[in-house]
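Below is one structure, written out as structure tokens; the observations come after it.
Counting from 1, the numbers follow the sequence of the chain as shown.
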Amino acid sequence: MSAAEYSKTITGWERASFERTLSCMLKGLEGSTTTVELRSEIQITGRVDHVDGLMNIAMSDVVYQKPYQPPCKFDNIKIHGRQIRFVHIPDHINMQKVITRQLDENRHDSKKYGTKRREHYVHKKRKERERILNKSQ
């Protein structure tokens with residue numbers, strides 16, 4: 001199952017958790033190369049292929065580094081969301097834009113999959129978010 005097909009199978013609860021947590025930020029990193037640090041002090045560097053609502057991450061072209069051991073290379077790896085301590089955000093990514101885009105896409109997808117969202121509600125939230133972002137700049 002490809003990442004595009006898998007993203008259509010996430011539950012409504014996962015879709016709702018994108019709005020309540022920062023997993024939308026990780027979803028915006030799909031396609032980027034980054035480093036994920038686990039609670040066990042393992043560092044995993046690779047390309048993020050997929051992130052779900054529980055912050056589980058699928059990565060490819062991975063370098064797996066345990067403390068005090070030489071790095072290992074893997075083609076693919078899946079990381080359980082509860083094991084993540086840190087995710088390094090690449091410098092070239094503007095996280096405000098990524099989060100805004102992910103929230104807008106999530107609302108668009110939820111409309112397509114049966115949750116009734118009024119267009120004026122989405123527009124109102126978008127304007128509110130823009131007002132907050134402009135105030136902080």
Side-chain angles (χ1 to χ4, degrees):
M1 179 182 295
S2 71
E5 292 168 346
Y6 183 77
S7 66
K8 294 179 183 176
T9 64
I10 65 174
T11 64
W13 181 87
E14 286 178 302
R15 197 170 281 116
S17 76
F18 277 122
E19 293 183 9
R20 292 190 311 259
T21 65
L22 287 176
S23 58
C24 65
M25 178 184 69
L26 293 179
K27 184 83 172 159
L29 292 177
E30 287 181 349
S32 299
T33 300
T34 190
T35 300
V36 177
E37 290 184 31
L38 304 183
R39 292 167 53 188
S40 59
E41 299 185 10
I42 295 171
Q43 288 189 346
I44 301 171
T45 304
R47 191 179 76 234
V48 178
D49 291 331
H50 180 73
V51 178
D52 66 11
L54 300 172
M55 291 180 33
N56 300 323
I57 301 175
M59 298 177 80
S60 60
D61 302 325
V62 174
V63 176
Y64 183 90
Q65 175 72 49
K66 284 186 175 180
Y68 311 112
Q69 292 184 9
C72 302
K73 293 187 179 186
F74 295 100
D75 292 332
N76 297 307
I77 195 166
K78 294 188 185 200
I79 304 168
H80 194 274
R82 297 187 103 188
Q83 298 302 319
I84 297 172
R85 179 181 290 158
F86 299 114
V87 177
H88 296 253
I89 308 298
D91 291 334
H92 67 278
I93 293 180
N94 182 344
M95 288 315 299
Q96 289 181 339
K97 288 182 181 178
V98 167
I99 291 171
T100 302
R101 187 182 74 235
Q102 287 300 316
L103 289 174
D104 288 343
E105 286 178 11
N106 183 43
R107 289 195 177 105
H108 177 71
D109 285 347
S110 65
K111 190 174 183 182
K112 184 173 21 173
Y113 290 108
T115 303
K116 293 183 179 179
R117 300 259 185 193
R118 294 184 182 109
E119 196 60 36
H120 74 308
Y121 174 76
V122 174
H123 180 71
K124 177 182 160 187
K125 288 295 184 180
R126 186 178 300 135
K127 289 291 186 185
E128 185 179 317
R129 220 176 15 255
E130 287 174 0
R131 182 178 50 81
I132 291 169
L133 290 175
N134 289 335
K135 197 183 284 186
S136 67
Q137 294 175 352

What's the spacing between [X] [atom1] and [Y] [atom2] if we round to 0.5 Å?
| X | Y | atom1 | atom2 | answer |
| --- | --- | --- | --- | --- |
| His92 | Asn94 | NE2 | CG | 11.0 Å |
| Glu130 | Asn134 | CD | CG | 7.0 Å |
| Met55 | Ile57 | CE | CD1 | 6.5 Å |
| Leu29 | Gln102 | CG | CD | 9.0 Å |
| Gln43 | Glu37 | CD | CD | 4.5 Å |
| Thr45 | Asp61 | OG1 | CG | 12.0 Å |

Is the closest side-chain heavy-atom distance between [X] and [Y] below 4.5 Å?
| X | Y | result |
| --- | --- | --- |
| Asn76 | Lys78 | no |
| Leu26 | Val48 | no |
| Val51 | Glu30 | yes |
| Leu38 | Arg85 | no |
| Asp52 | His50 | yes |
| Leu133 | Thr100 | yes |
| Ser40 | Ile42 | yes |
| Glu41 | Lys66 | no |

Heavy-atom closest pair, residues Asn56 and Gly81: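 For Asn56 and Gly81, the tightest heavy-atom pair comes out as OD1-N, 2.7 Å.
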
Answer with yes or no whether the hydrophobic clustering places Val63 together with Met59; edges join I, L, V, M, F, W, Y residues whose side-chain heavy atoms lie under 4.5 Å apart.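 No, because Val63 and Met59 fall into different hydrophobic clusters, even though each may have its own neighbours under 4.5 Å.
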
Are Phe86 and Met25 connected, step by step, through hydrophobic side chains (Ile, Leu, Val, Met, Phe, Trp, Tyr) whose heavy atoms are closer than 4.5 Å?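 No, because Phe86 and Met25 fall into different hydrophobic clusters, even though each may have its own neighbours under 4.5 Å.
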
